[in-house]
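Down below is the structure, laid out as structure tokens.
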Amino acid sequence: MDRDLIRKEVLGFKAYSPGLNIEEIKRKYGLTRVIKMASNENPLGTSPVVKEVIALNAALAFRYPRAGTPDLCAAIGEYLNVPAKNIVCGNGSDEIIDLIIRLVAKPGEDNIVAFKPCFSIYKLQSQFAGVEFRQVPLSKDFHFPWDDLFQAVDEKTKVVFITNPDNPSGFCAKKEELEAVLSRLPQSVLVVIDEAYIDFALPQAEYSLLSDWQNYPNLVILRTFSKMFGLAGLRLGFAVLPDIYADYLQRVKLPFSVNILAEKAGIAALNDKFFYDQTLETVRAGREFLSMELERLGCKTFPSQANFLMFLPPVDASEVFEGLLKKGIIIRPLKSYGLEEYLRVSIGTKEENKLFIKELEEVLNGSK
Ligand SMILES: *Cc1c(COP(=O)(O)O)cnc(C)c1O
């Protein structure tokens with residue numbers, strides 16, 4: 001059997017299922033307008049400045065990028081006030097997550113700890129690496145139960161993943177709380193704080209550990225260009241990490257995983273303060289509006305510091321999801337997170353948010 005060649009850890013894997021895309025849904029339900037509020041993408045789309053930079057650099061597509069994208073690392077370093085040598089860029093933060101696991105965790109021996117539910121990539125890449133993945137259930141209100149986490153960590157634990165703000169709940173722990181956790185965990189554990197949504201936390205300085213990056217020899221901070229910077233399709237993320245880990249990540253990383261247009265676009269996005277501010281204001285106002293309106297419609301919401309809201313509808317979640325889909329609105333069912341009763345909606349533009357509420361109200365009224 002050919003299958004004998006496949007490693008046993010991999011046999012149960014399923015390909016990532018992206019769901020229907022906008023065109024498919026238009027055809028299936030005979031719709032002319034479909035809006036997607038499912039993947040936490042930037043509600044304002046791609047910044048006009050970045051579009052122009054991509055167009056201007058299109059002719060460079062035949063060139064290899066420079067290994068390690070040094071110009072981008074320098075730009076990020078300047079932007080965050082961190083030395084460029086402590087920044088490693090990847091093909092989305094997904095790539096960095098995968099590399100960190102394989103850099104430090106020995107297959108069949110070590111383990112990795114995260115909460116449950118958590119971002120699926122932590123688990124998938126741990127399993128692919130042949131490393132035990134331990135999950136500690138979040139508390140009922142979706143806060144982080146630290147004592148349970150400490151109990152799960154042992155001398156074979158190499159990485160702890162914490163998503164802050166968390167996905168899918170939107171909960172965000174304060175910086176002081178995370179500092180206390182870092183001082184309690186042994187330095188032999190890499191503590192990876194995934195700050196994919198930190199740009200939407202207000203005020204950011206109360207939540208981000210970035211200003212602390214030098215204080216802990218085992219702290220890794222992950223960031224992405226996929227959300228605030230509107231570049232999910234170009235695939236660009238990065239880590240801020242201590243010298244030794246940055247050095248070794250650069251050694252093991254595939255040299256050209258960040259493409260030449262992503263590098264140019266990333267640098268342009270960092271300089272586009274106008275788009276950043278516009279996005280932040282859109283998300284802040286939309287988050288407030290949607291929380292209020294969802295509550296008005298009888299949905300329980302959870303306070304969110306991210307660009308999405310998790311909510312508990314008063315009727316069956318899959319019915320609500322299907323009902324919205326037929327009306328051309330795609331949101332995210334949370335079944336794959338083990339949260340069958342919950343839904344997640346990404347904050348859209350003002351018009352999208354209003355339309356979502358209008359259609360949701362109709363779906364809820366129809367199901368009474
Ligand atoms: C969206 C997201 C990311 C970003 O992944 P990329 O590979 O950079 O697109 C990382 N972590 C979490 C928890 C996310 O939700």
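All residue numbers refer to positions in the sequence shown, counting from 1. Counting convention: from 1, in listed order, for ligands and their atoms alike.
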Which atoms from ligand 1 have a heavy atom of Ala196 less than 4.0 Å away? 2 (C), 3 (C), 10 (C), 11 (N), 12 (C), 14 (C)
Can you find an N/O atom of Asn91 closer than 3.5 Å to an N/O atom of ligand 1? no
Phe238 six-ring centre to Arg223 NZ/CZ under 6.0 Å and within 45° of normal: no
Counting only heavy atoms, which portion of Thr163 has something under 4.0 Å from ligand 1: side chain, backbone, both, or neither? side chain
Indicate whether the side chain of Tyr216 and that of Ser183 have a donor and an acceptor atom separated by less than 3.5 Å. no
Is a side-chain donor-acceptor pair under 3.5 Å present for Asp199 with Tyr276? yes
Ring pair (Phe, Tyr, Trp, His ring centres under 6.0 Å) between Phe171 and Phe142: does it pass, once the steps are laid out? CA-CA 7 Å; Phe171 170 73; Phe142 295 92; 9.3 Å; no
Candidate with minimal heavy-atom separation from atom 6 (P) of ligand 1, of Ser93, Pro168, Gly233, Pro165: Ser93
Lys/Arg cation over aromatic Phe356: Lys354, 6.0 Å, 45° cone: no
Tell me whether the centres of the aromatic rings in Phe144 and Phe115 are closer together than 6.0 Å. yes
What atoms of ligand 1 come within less than 4.0 Å of a heavy atom belonging to Asp194? 10 (C), 11 (N), 12 (C), 13 (C)
Within reach of ligand 1, part of Lys227 (heavy-atom separation under 4.0 Å): side chain
Taking only non-hydrogen atoms of Thr224 and a 4.0 Å limit, the atoms of ligand 1 in range are 4 (C), 6 (P), 8 (O), 9 (O)
Glu288 and Arg284: CA distance, side-chain angles, deciding distance, salt bridge (Lys or Arg N to Asp or Glu O under 4.0 Å) verdict: CA-CA 6 Å; Glu288 244 170 66; Arg284 188 202 59 74; 3.0 Å; yes
Region of Tyr197 that comes within reach of ligand 1 [heavy atoms, distance under 4.0 Å]: side chain
Atoms of ligand 1 under 4.0 Å from any heavy atom of Asn167, numbered from 1 in the order shown, are 15 (O)
Hey, which atoms in ligand 1 end up nearer than 4.0 Å to a heavy atom of Arg235? 6 (P), 7 (O), 9 (O)
With a cut-off of 4.0 Å, which atoms of ligand 1 are near a heavy atom of Gly92? 6 (P), 7 (O), 8 (O)
Can you name the atoms of ligand 1, numbered from 1 with element, that are less than 4.0 Å from a heavy atom of Ser226? 6 (P), 8 (O), 9 (O)
Polar contact flag, side-chain donor to acceptor under 3.5 angstrom, Ser211-Lys175: yes
